[in-house]
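First the structure, in the form of structure tokens, and then the observations on it.
Given the structure is predicted, the values throughout are model-derived calculations rather than measurements. Note on naming: letters A, B, ... go to the chains in the order of the sequence lines (proteins, then strands), and numbering restarts at 1 for each one.
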There are 2 protein chains.
Amino acid sequence: MSVQERKQRERAERERLIVATARELAERQGWDAVTTRRLAERIEYSQPVLYSHFRGKREIIGAVALEGAAELAAAVRAATSTVDGPRERVTALALAYLDFAERNPAVYDAIFQLDGGLAFAHEDTPEPLKDAFAALLESLGEVAGDGVHPGLFTEVFWASLHGLATLTRAGRLLPEDAAPRVELLVDRLAMA
Amino acid sequence: MSVQERKQRERAERERLIVATARELAERQGWDAVTTRRLAERIEYSQPVLYSHFRGKREIIGAVALEGAAELAAAVRAATSTVDGPRERVTALALAYLDFAERNPAVYDAIFQLDGGLAFAHEDTPEPLKDAFAALLESLGEVAGDGVHPGLFTEVFWASLHGLATLTRAGRLLPEDAAPRVELLVDRLAMA
DNA sequence: TCCGTTGTCTAGCGATGCTAGGATCGAATC
DNA sequence: GATTCGATCCTAGCATCGCTAGACAACGGA
């Protein structure tokens, strides 16, 4: 029994190593640099080992995405928990969200841009993704305004943040004016 | 002289063929299916011919992006030109923008998601891209509100639309609620 | 001590973007 | 009209990609 448990532990540990290495490599050199060969070399195993843990590269991206979604949810909650006032919380949320996207571009891509083979907007959506949306909803639902469904409002606000994040990082928007953009967005969208 | 001119015409014609074929293939089967081999086969030339027109696949994507940007600008102007009232124009703009993204997903990706090797937010940004932004600015600048820079407002509104477009198409948002999302966005962001 | 399972690696497949080098064709010159 | 010469295009190939088959070794249980 104990032998099996040890092997399971080692296997789980190796899986964490794969995900962490993929993430680090992606963050450092971009997802294009995350090839199965390079990844295998970094973890000091051969390529086929990766396929004993994941179906393919997509699933590895998906694993990074889930890990990142949990961190994003935590970051948002941490940023809003210490702030008084609904409107101020929303501002803090927006800044925390954009800050996360800026500091973890590869992870952000894994969550929202790349195909990690994850389901969205269904009941079989992985828990971390639903929880990340829930974290947004907690603060944004307060400022949806009368007669506006909190979920709908959260979707719209989230989409705006997502647009700012991706367009900025893709070089479509200059990062200098990030602050006034957030200010404008919160001023107009948040009621109360 | 006439011989050279004919050759130039034929060359330009072939270049258009390459771009049109790449676009059609991308729209039909996704950008992943647009390989240099398949593209070469479709235009009935060998692969190296592509490289006598473009530096590589990136530049082909860029060419599709420029063509698409011009069409997007035209679509936005067409949708807004026949509408009375600033607010109504903005609603029409938003719907036209999202409609374009939905009906030309591959082209939209080429413009805003993929790396087409294009410069943005600089003075050396290609004209069609600057003009597409200008087309948005024409209608959005009217509803920026007092003391708000029209360019900044346009950026924020555009980012919101971009977020809705990409999240919807990536399966992150359900398409059913598209209409109320737009309504909410226009209601809150547009002043006047 | 032997067997069988489990785990890992080497080697290779088809496909990718891109390029070198030779063949071919047509226009200009004698 | 024959001949050169440059432009144009294609065949063939390189390195790399994601992924997999099959050989091999290591180790627990009989």
TODO: Looking only at side-chain atoms of A:Thr36, point me to the closest of D:dG18, D:dA21, D:dA12.
DONE: D:dG18
Open item on the list: Under 3.5 Å, is there a donor on one side chain and an acceptor on the other for A:His162 and A:Tyr108?
Closed with: yes
TODO: Decide yes or no for A:Thr168 and A:Glu102: does some side-chain heavy atom of the first lie under 4.5 Å from some side-chain heavy atom of the second?
DONE: no
TODO: Measure the distance from CZ on B:Arg55 to C1' on C:dG17 and round it to the nearest whole Å.
DONE: 16 Å
- [ ] Please state how far atom CZ in B:Arg11 lies from atom C1' in C:dG26, giving the value in whole angstrom units.
- [x] 17 Å
Task: Separation of D:dT8 C1' from B:Glu15 CD (nearest whole Å) - done: 16 Å
Task: cation_pi(A:Arg172, B:Phe112) dist<6.0 Å, angle<=45 - done: no
Open item on the list: Tell me the interatomic distance from B:Gln47, atom CD, to D:dG13, atom C1', rounded to whole angstroms.
Closed with: 11 Å
Open item on the list: Please report the distance, rounded to the nearest Å, between CD in B:Gln8 and P in D:dA7.
Closed with: 14 Å
Task: Nucleotide of D:dG13, D:dC9, D:dT20 approaching B:Arg14 most closely (side-chain heavy atoms) - done: D:dC9
Open item on the list: Taking the minimum atom-to-atom distance to the side chain of A:Pro48, which one of D:dA21, D:dC10, D:dG18 wins?
Closed with: D:dA21
Open item on the list: Looking at B:Glu88, I'd like to know if its CD atom is crowded, meaning that more than 12 non-hydrogen atoms belonging to other residues, nucleotides or ligands lie closer than 6.0 Å.
Closed with: yes
Open item on the list: From CZ of A:Phe54 over to C1' of D:dG18, roughly how many Å is that when rounded to an integer?
Closed with: 16 Å
- [ ] Rounded to the nearest angstrom, tell me the gap between atom NZ in B:Lys57 and atom P in D:dC17.
- [x] 16 Å
TODO: Would you mind classifying the nucleic acid contact of A:Thr35 as base, sugar-phosphate or nothing, using non-hydrogen atoms under 4.0 angstrom?
DONE: sugar-phosphate
Task: Whole-Å gap separating C1' (D:dC9) and CD (B:Glu44) - done: 15 Å
Open item on the list: I want to verify a distance call: between C:dT16, C:dC9, D:dC17, whose nearest atom is closest to the A:Arg37 side chain?
Closed with: D:dC17
Open item on the list: Judged by each residue's nearest nucleotide on DNA chain C, which is more toward the 5′ side, B:Val34 or A:Tyr45?
Closed with: A:Tyr45
- [ ] Taking only the side-chain heavy atoms of A:Tyr51 (C-beta and beyond), determine which of D:dT11, C:dT16, D:dT20 contains the nearest atom.
- [x] D:dT20
